[in-house]
Amino acid sequence: MPDIKVTPLGAGQDVGRSCILVSIGGKNIMLDCGMHMGFNDDRRFPDFTYITQNGRLTEFLDCVIISHFHLDHCGALPYMSEMVGYDGPIYMTHPTKAICPILLEDFRKITVDKKGETNFFTSQMIKDCMKKVVPVNLHQTIQVDDELEIKAYYAGHVLGAAMFQIKVGSESVVYTGDYNMTPDRHLGAAWIDKCRPDILISESTYATTIRDSKRCRERDFLKKVHETVERGGKVLIPVFALGRAQELCILLETFWERMNLKAPIYFSTGLTEKANHYYKLFITWTNQKIRKTFVQRNMFEFKHIKPFDRTYADNPGPMVVFATPGMLHAGQSLQIFKKWAGNEKNMLEVKLQVEYMSFSAHADAKGIMQLIRMAEPRNMLLVHGEAKKMEFLKDKIEQEFSISCYMPANGETTTVVTNPSVPVDISLGLLKRELELGGPLPDAKRPRTMHGTLIMKDNSLRLVSPEQALKELGLSEHQLRFTCRLQLHDPHSDADTLARIYTHLRSVMKSYSIQHVPDGTVIVESIVIKVTSSSEEPNLKVVLLSWSYQDEDLGSFLSALLKKGLPL
Amino acid sequence: MKLYCLSGHPTLPCNVLKFKSTTIMLDCALDTTAALYFLPLPLVHSPRLSKLPGWELKECSGRVFVDSQPEFSLPERAAGSLQHRCDPHLKLSLHDGTPLHHRTYRLLMEELVTFMERVPKAHAASSWKNKEIQRLLPGPLKEVVDVCNWKKCYTLQEVNSALSKVQLVGYSQKVELFGAVQVTPLSSGYSLGSSNWIIQSHHEKISYISGSSLLTTHPQPMEQSSLKNSDVLILTGLTQIPTANPDGMLGEFCSNLAMTVRAGGNVLVPCYSSGVVYDLLECLYQFMDSANLGTTPFYFISPVANSSLEFSQIFAEWLCQNKQSKVYLPEPPFPHAELIQTNKLKHYPSIHGDFSSDFRQPCVVFTGHPSLRFGDVVHFMELWGKSSLNTIIFTEPDFSYLDALAPYQPLAMKCVYCPIDTRLNFHQVSKLLKDIQPLNVVCPEPYTQPPLAQPHRSDLMLELQPPPVSYRRCSVIPLPFRRRYERVQLLPE
């Protein structure tokens, strides 16, 4: 039986370092190639030696697919393609292709220039890696080779985030990457058609949470920011430059306008300004509302939000600062944090509160269930989440949808047996004949048995009528006939016995054409019946039955019938 | 399997394909050339036009025009035995397939409708359509055959309602129709989002080519390899000006423009609000400084000017490689963003409002409609027509420029005809057909013979082996197909 194998190299019962290997129909595909934010050693990148101990990956992989530009999904890409070695195609959407190299370069700078690490990928390697990228559009069917095709769907997690369908013949897998089923201020909701994949590989970051409505969280956030600013305090919002930052900007911008607030909002310069520009140019990837109004007003041209300068941190009075990167480990956030935290100790009029607010755009349990309902997968596989929470969701999915749900750990392989049907070409003549035989149109969704000859030639399968097959292959038809002798006690002459057989059969088998031919045979359909008597015992008649292979059923029925003898 | 041809016009096609129990309409073009029989609709009262002799029909410089809101010609409603029961979702129109084309189409239609609604005519002339009266009319009006198919322009509501039925698709997206047929749009390289289509079952393949270009302009290049091995190829939308080379025309356009401006005259460019105008602006962007035109203002006037310019910048995925890579920097793909930023190009919804106060001469004005019968262009014709310093440069190939100018005669303004039609010419198409090897070609009749005006130019027609099947308006063509196999699924047990 054919099967599909899935092995996570990263993100198996874990968040971060997403990298999943899929083997389907003889093709090997790598889904995402991310890094782990929590490690600084070898565990930072997926363990590619799983694929091959030595040498390049090109011959082992048919393609690499990147779902979106977050580093935990693409951070290991230059390492994989340039340092380990991979020259095949890398697929991602246009916005991902645009933004991914910038984040990689940023990441490289922090690691190499600031932390002084060596043996890391270089700027040139990022550039070389990006040359291998083939951009894809939503819903476009990309033929990777003659058999393997991929198709991207909108995922709504960040700008350009996509889910991918991977298909070989009638087998298919859908990988969601990270996705969001509720539209937010700048992105739409994930969508997929009822494509019935054999496996749906879904992220499960919020496997157990059903998050309270977005509006509430937004209101909380605005209230806290507002209170702090009213008190003359400063607000520091650590964010990734891309994605959440834009949503929060839109939120604050509209709030500032509505409340007529004057406190300055700053955005750390460079990367973020550029990021906003990307959002302007890729506005087709945002939600409907932004797309519709962009001619009158581009939502990403902010009036209240200005670029930040290092010296502003010392300015008196309230302010809001967005700083990168999101995790307070390095970069501008840390610098400002140190400065302001110190200020509080010095009893300045600054209130610094640490608030954790979740604004990540992942699907929650409800969203994951919703996607399952949309795609109707035969099997479910969870990645990108914590084992405990996955366990809970797995039970829920198996209960509600009665499909198997898997959650392999890193390096663990899940094998799913598939039951693909075999496509064959049927000759129109045979099909029409079959339809006529079947009377009224058969139920289109139900399989049915039929009679025909399967010709396998030049890698194609054709179903034709036996006559056509013989003609095509230049073969003559061989008749296979069965003959059988029956002994029958009957005290009449041969001719009379035959006549008695004839009448008997006429009375038993009313719907068949039965002929009594003058040359001394009875013919039932293709079955020939003759009677001879043995020379020693005139009362012992020998009945000769002969039938062709096609009439096997009728032949054996007749022989059984005659064995019982004739009625007196 | 049959093809019902509802339009005989080679570049304004409308065909209905019956294939494996599906009915598919291929394009549904609006023929706006009928507008040429009408008098222009001025934006402000024109004493000249109102003084013309006649009532419903008026005479100007020896030609007769209908004084009414211009009407357009529609494709045939019912041809032959075709029952009119096309599911609107099956209309694979070139104009409403891809999201982008959906956008530009909406803009073009909005512009057209706004042009019309802005200047309502109290009286709609219709008595001339009476066969008895029409028979007696002079000149071209008498020869018009299908006046009964002429209809008033749509309302905005009708446009919106039609567009709401459109299902958006992207290039290379496979769309299943009832499990019987698969249709796929492919980039045709002609304009933003324009597409050719493949209609195929497991064993038969029909390609539909409509308005394609092999030249490198702004849209994604034409996808050719997927068109290979078609059983039938329906070929429409070749260039309307096979003798003019678009590059040469562009050069001529620039030099005439520069000459007029240097002499202190104004240049009027009647154009559509999207399409070639992007290329013209890009060409001028490169040309302006070298030609010392840096200070001449450029105006783009259309109810949808702003939308058109903005929209062109946000569909990078649909643009050529060169423009696509700009977005990665990130920079806007079209240079007209810079022209607007540096105030060299200004755009207005109409001549009313801000434009009148900003207006400086000499200048270059891009505005519609190219038929010169409605839109802001009518005003500039009245304003600049009397001076020989000014020039009008025709770039759109859809209308005969002499006919377009007829109601403005006598005219002192210089007229330059630089039609830019980037669609395939006969040389390109025969090379293309050699590459993609379709078994049969179906095309409109005019492509099978040399142009009427140049009967000896046998290079301006399709010469193929086997010869193409030609059609005209109302033809019904049986497609040469032999279906022999069908696809079924075998269960493994």
Side-chain angles (χ1 to χ4, degrees), chain A residues 1-2 93-95 97-102 130 135-143 149 151-152 170 274-286 291 294-296 298 419-432 434 444 447-450 452 454 460-464, chain B residues 98-100 103 107 167-176 178-179 182 184-187 201-203 220 223 225-226 304-311 313-319 321 323-334 337 482-493:
Chain A
M1 271 297 180
T93 64
H94 284 271
K97 187 185 171 187
I99 296 164
C100 167
I102 297 166
M130 293 316 287
V136 301
N137 291 333
L138 284 182
H139 302 162
Q140 173 189 19
T141 306
I142 296 242
Q143 212 73 43
E149 60 180 49
K151 183 177 175 183
S170 59
K274 219 170 171 181
N276 286 346
H277 209 98
Y278 279 115
Y279 273 79
K280 277 184 229 164
L281 293 171
F282 285 113
I283 210 148
T284 47
W285 285 80
T286 58
R291 282 198 318 252
F294 104 101
V295 174
Q296 288 85 44
N298 197 321
N419 197 9
S421 51
V422 186
V424 294
D425 297 335
I426 184 171
S427 87
L428 217 58
L430 182 63
L431 188 67
K432 281 190 178 150
E434 194 60 31
R448 55 183 284 164
T449 45
M450 60 180 293
L454 200 61
S460 76
L461 284 173
R462 283 180 304 133
L463 193 62
V464 298
Chain B
T98 57
L100 185 53
R103 275 287 170 203
L107 292 182
Q167 181 193 341
L168 300 184
V169 292
Y171 289 150
S172 308
Q173 180 176 351
K174 295 175 178 171
V175 184
E176 291 283 346
F178 312 114
Q182 194 182 57
T184 314
L186 302 172
S187 171
S201 64
H202 288 292
H203 296 283
Q220 228 182 68
E223 158 72 33
S225 57
S226 307
V304 296
N306 186 26
S307 304
S308 167
L309 293 173
E310 289 282 345
F311 273 119
Q313 304 287 20
I314 63 158
F315 286 100
E317 285 107 315
W318 303 83
L319 298 175
Q321 192 71 46
K323 298 224 176 315
Q324 235 175 53
S325 50
K326 280 207 163 169
V327 207
Y328 296 146
L329 294 176
E331 275 172 24
F334 282 97
R482 273 191 57 207
R483 280 176 59 204
R484 291 172 54 200
Y485 287 100
E486 197 51 65
R487 179 62 58 96
V488 291
Q489 302 284 329
L490 220 59
L491 291 176
E493 57 265 12

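Everything quoted here is computed from the prediction, not taken from an experiment. Naming: A, B, ... by sequence-line order, numbering from 1 per chain.
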Using 0.5 Å steps for rounding, measure from the CD atom of B:E310 to the CD1 atom of A:I283.
9.0 Å
Distance check, rounded to the nearest 0.5 Å: A:H94 atom NE2 versus B:F315 atom CZ?
13.0 Å
Quick one: which of B:G179, B:P330, B:P332 has the most heavy-atom pairs under 4.5 Å with chain A, could you say?
B:P330
Option that, when pairs with chain B are counted at under 4.5 Å, heavy atom only, ranks first among A:I426, A:V464, A:L138:
A:I426
OG of B:S172 to NZ of A:K151: how many Å apart, nearest 0.5 Å?
11.5 Å
By a 4.5 Å heavy-atom criterion (distance strictly below it), what part of A:P135 contacts chain B: side chain, backbone, both, or neither?
side chain
Tell me, side chain or backbone of A:L461 under 4.5 Å from chain B's heavy atoms, or both, or neither?
neither
Do you know which two heavy atoms are closest between A:K280 and B:I314, and how far apart they sit?
O-CG2, 3.7 Å
Go through the steps to decide whether A:E149 and B:K174 satisfy the test side-chain contact (heavy atoms from CB on, under 4.5 Å), and finish with yes or no.
CA-CA 12 Å; A:E149 60 180 49; B:K174 295 175 178 171; 3.3 Å; yes
Is there side-chain contact between B:P185 and A:Q140, with heavy atoms separated by less than 4.5 Å?
no
Using non-hydrogen atoms and a 4.5 Å limit, figure out which bit of A:N137 sits close to chain B: side chain, backbone, both or neither.
side chain
Option that, when pairs with chain B are counted at under 4.5 Å, heavy atom only, ranks first among A:T93, A:L463, A:L428, A:I142:
A:L428
Is a side-chain N or O of A:Y278 found less than 3.5 angstrom from the main chain of B:Y328, in a donor-acceptor match?
yes
Of the backbone (N, CA, C, O) and the side chain (C-beta and beyond), which part of B:L329 lies under 4.5 Å from a heavy atom of chain A, both, or neither?
backbone
Please give me the minimum heavy-atom distance between A:L281 and B:Q313, naming the atom from each residue.
CD2-O, 3.9 Å
If you draw a 6.0 Å radius around CD in B:E176, do more than 12 non-hydrogen atoms from other residues or ligands fall strictly inside?
yes
B:E331, part contacting chain A, at a heavy-atom distance under 4.5 Å
backbone
